[in-house]
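Report on one structure; see the data block that follows.
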Amino acid sequence: MAKINENYLKLPGSYLFSVINQKVDAFTKKNPGKELIRMGIGDVTRPLVPSVIGAMKDAVEEMGTFEGFHGYGPEQGYDFLRDLIVENDYRKKGIDIQADEVFVSDGAKSDTGNIGDIFSADNKVAVCDPVYPVYVDTNAMSGRAGSYDKESGHWSELIYMECSAENGFLPPIPDKHADLIYLCFPNNPTGMAADRDYLKKWVDYAISEGSVILFDSAYETFITQPEIPHSIFEIEGAKKCAVEFRSFSKTAGFTGNRCAYTVIPHELVIDGARVNSLWNRRHTTKFNGVPYIVQRGAAAVYGEQGQREIKEVIKYYLNNAEIIRGGLAKAGLTVYGGVNAPYIWAKTPDNMPSWDFFDRLLEEANVITTPGVGFGPSGEGYIRFTAFGDADKTKEAVERIIKIL
């Protein structure tokens, strides 16, 4: 008789954004004439920039010729893209990364979820609270999380690092051993960023404990303050203890194209095994690579014109973030983030529960957000806004919120 992975039966309810969609669908059916403004899910709204479109069109034409046709490509990514990533994202910033330490993939979400495949199920995992749900759910699926407690909202075997206003939403170094540590900076959902001194403490901890930092840097393009590092590998010693995840999704609007990359230095060795080699084995076994046309589009991002174009788009979203921050503050809310990230983290009024405030904003302002508690118990009493919307719609949404508050 076939058996299933019982860890899936332990997962609580639906994925956060599925629940939000269900609530929105129910509201829409009852109120078909209401115009909703979406500030919840972190999907981009600006079209792909001309340089990317041009490169992808050229690649399509190539694929229509015998000389330019591409079938299965290298699972790790084409050399033309890996070389551009190494040169522009690392070496120009003084970081010595090699092309064979870069693995092109279909998304940071996929990689942060799949990276656990190469680590033992016995590893102790540390996550922030609040946290991007994928880090928790995929470890629960792998059996590392233990059992779920509905009352606390925590898994029994995970180490939760509480992020609060009191500690600036920067997780404290745990007072116990952790094997795998998920860090995301600039952070989703709080929008907060970490400086070099803070990250150095984590690198020192990981080296002393023999731990691995799984560093999600998907939002590094939104960093505006020079003291904030864009890569964990800017920190001395990090190549011995860290893996970095990056994505073109928010950087270049590739949420519909699916292209990202993970960097695993050769210096990262666990139990005598090179993590780079293990990931390469996993990657080439379970993944067929990102389409050639998409990788050509990603490569165009690094051209002079491509850089100008995507920086304008990033500036557009950061302007939205400024509008949201200012408007929510005007409405009397305490706000965080939005300076080095496309997310704004706001305290609910009068300690209102997150889902209650979500419902109020949906029903009275017709604005869709994300309840903070959906990211973990420490997110209760907060709401997340994204700056990825249309500028005019963003202004209108903020005006609606000010009006009801």
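Just so you know, these numbers use all the heavy atoms, side chains as well, and skip hydrogens, waters and symmetry mates.
- In this structure, a donor-acceptor pair under 3.5 Å is present between the side chains of His154 and Asp129.
- Residues Asp96 and Gln98 have side chains that bring a donor and an acceptor to within less than 3.5 angstrom of each other.
- For Arg281, the CZ atom counts as loosely surrounded, since its 6.0 Å shell holds 12 or fewer non-hydrogen atoms of other residues, nucleotides or ligands.
- Within 6.0 Å of the CD atom in Glu227, the count of heavy atoms belonging to other residues, nucleotides or ligands exceeds 12.
- Side-chain atoms of Ser354 and Glu380 include a donor-acceptor pair closer than 3.5 Å.
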Derivation of the salt bridge (Lys or Arg N to Asp or Glu O under 4.0 Å) call for Arg246 and Glu244: CA-CA 7 Å; Arg246 288 199 185 184; Glu244 181 161 279; 3.2 Å; yes
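- Residue Asn351 places its CG atom among 12 or fewer non-hydrogen atoms of other residues, nucleotides or ligands, all under 6.0 Å distant.
- Note: Tyr382 and Trp345 have parallel aromatic rings, judged against thresholds of 30 and 60 degrees for the angle between ring planes.
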Starting from the C-alpha separation in whole Å, work towards a yes-or-no answer on side-chain contact (heavy atoms from CB on, under 4.5 Å) for Thr221 and Lys250. CA-CA 8 Å; Thr221 313; Lys250 308 311 192 303; over 6 Å; no
Might you work through the salt bridge (Lys or Arg N to Asp or Glu O under 4.0 Å) test for Asp204 and Lys200, ending with a clear yes or no? CA-CA 6 Å; Asp204 291 344; Lys200 185 64 168 66; 2.5 Å; yes
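- In this structure, a donor-acceptor pair under 3.5 Å is absent between the side chains of Tyr90 and Glu234.
- Evaluated for a side chain to side chain contact (heavy atoms under 4.5 Å, CB included) with Ile264, the options Ile115, Asn280, Ile97 yield exactly one hit, Ile115.
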Full working for side-chain contact (heavy atoms from CB on, under 4.5 Å) between Arg258 and Ser249: CA-CA 7 Å; Arg258 310 311 307 148; Ser249 286; 3.3 Å; yes
CA sep, side-chain torsions, deciding dist, call: Arg400, Glu396, salt bridge (Lys or Arg N to Asp or Glu O under 4.0 Å): CA-CA 6 Å; Arg400 291 183 188 181; Glu396 182 180 345; 2.7 Å; yes
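- Under the 3.5 Å distance criterion, with hydrogens and angles disregarded, a donor-acceptor pair is assigned to the side chains of Asp111 and Thr262.
- Within a 6.0 Å sphere centred on CG of Asp25, heavy atoms belonging to other residues, nucleotides or ligands number more than 12.
- Closest approach of Ala165 to Tyr336, counting heavy atoms only: CB-OH, 3.4 Å.
- In terms of heavy-atom proximity, Thr251 sits nearest to Ile310 at O-CB, 3.9 Å.
- For the pair Arg296 and Phe80, the distance from NZ or CZ to the six-membered ring centre is under 6.0 Å and the angle to the ring normal is within 45 degrees.
- Between the side chains of Thr255 and Asp43, at least one donor N or O sits under 3.5 Å from an acceptor N or O.
- The aromatic ring centroids of Phe103 and Tyr261 lie 6.0 Å or more from each other.
- Minimum heavy-atom separation, Lys347 to Leu333: O-CD2, 3.5 Å.
- For CD of Glu236, the number of neighbouring non-hydrogen atoms (other residues, nucleotides, ligands) closer than 6.0 Å is 12 at most.
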May I have the step-by-step check of salt bridge (Lys or Arg N to Asp or Glu O under 4.0 Å) for Asp359 and Lys23, ending in yes or no? CA-CA 9 Å; Asp359 290 336; Lys23 281 179 168 282; 3.3 Å; yes
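- Taking a 6.0 Å sphere around CD of Glu363, one finds it holds more than 12 heavy atoms contributed by other residues, nucleotides or ligands.
- Each of Pro130, Cys163, Cys184 was compared with Pro189 under the side chain to side chain contact (heavy atoms under 4.5 Å, CB included) criterion, and only Pro130 meets it.
- At least one test fails for Lys10 against the ring of Tyr148: distance under 6.0 Å to the centre or angle within 45° of the axis.
- If you check the side chains of Asn114 and Ser110, you find no donor sitting under 3.5 Å from an acceptor.
- Taking 4.5 Å as the limit, every side-chain heavy atom of Phe248 sits out of range of all side-chain heavy atoms of Asn257.
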Working for side-chain contact (heavy atoms from CB on, under 4.5 Å), residues Val44 and Arg46: CA-CA 6 Å; Val44 296; Arg46 307 303 292 168; 5.9 Å; no
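- Donor-acceptor pairing under 3.5 Å is lacking for the side chains of Glu162 and Ser164.
- Nearest heavy-atom pair across Ala55 and Gly297 is CB-CA, 4.3 Å.
- The environment of CD in Glu6 is sparse: at most 12 heavy-atom neighbours from other residues, nucleotides or ligands sit within 6.0 Å.
- Defined by atom type and a distance below 3.5 Å, a donor-acceptor pair is present between the side-chain atoms of Asn188 and Arg384.
- Contact record, Tyr160 with Gly153: OH-O, 4.3 Å, taken as the closest heavy-atom pair.
- Between Phe222 and Tyr343, the ring centre distance reaches or exceeds 6.0 Å.
- For an aromatic pair to be called close, the ring centres must be under 6.0 Å apart, and Tyr78 with Tyr292 satisfies this.
- Between His177 and Lys124, the shortest heavy-atom distance links the atoms O-CB, 4.2 Å.
- Counting only N and O atoms by type, the side chains of Asn139 and Tyr182 include a donor and acceptor under 3.5 Å apart.
- Ring pair Trp279/His283 is tilted by interplanar angle, where 30° to 60° counts as tilted.
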Does the side-chain contact (heavy atoms from CB on, under 4.5 Å) test come out yes or no for Leu81 and Asp83, once each step is laid out? CA-CA 5 Å; Leu81 180 56; Asp83 289 343; over 6 Å; no
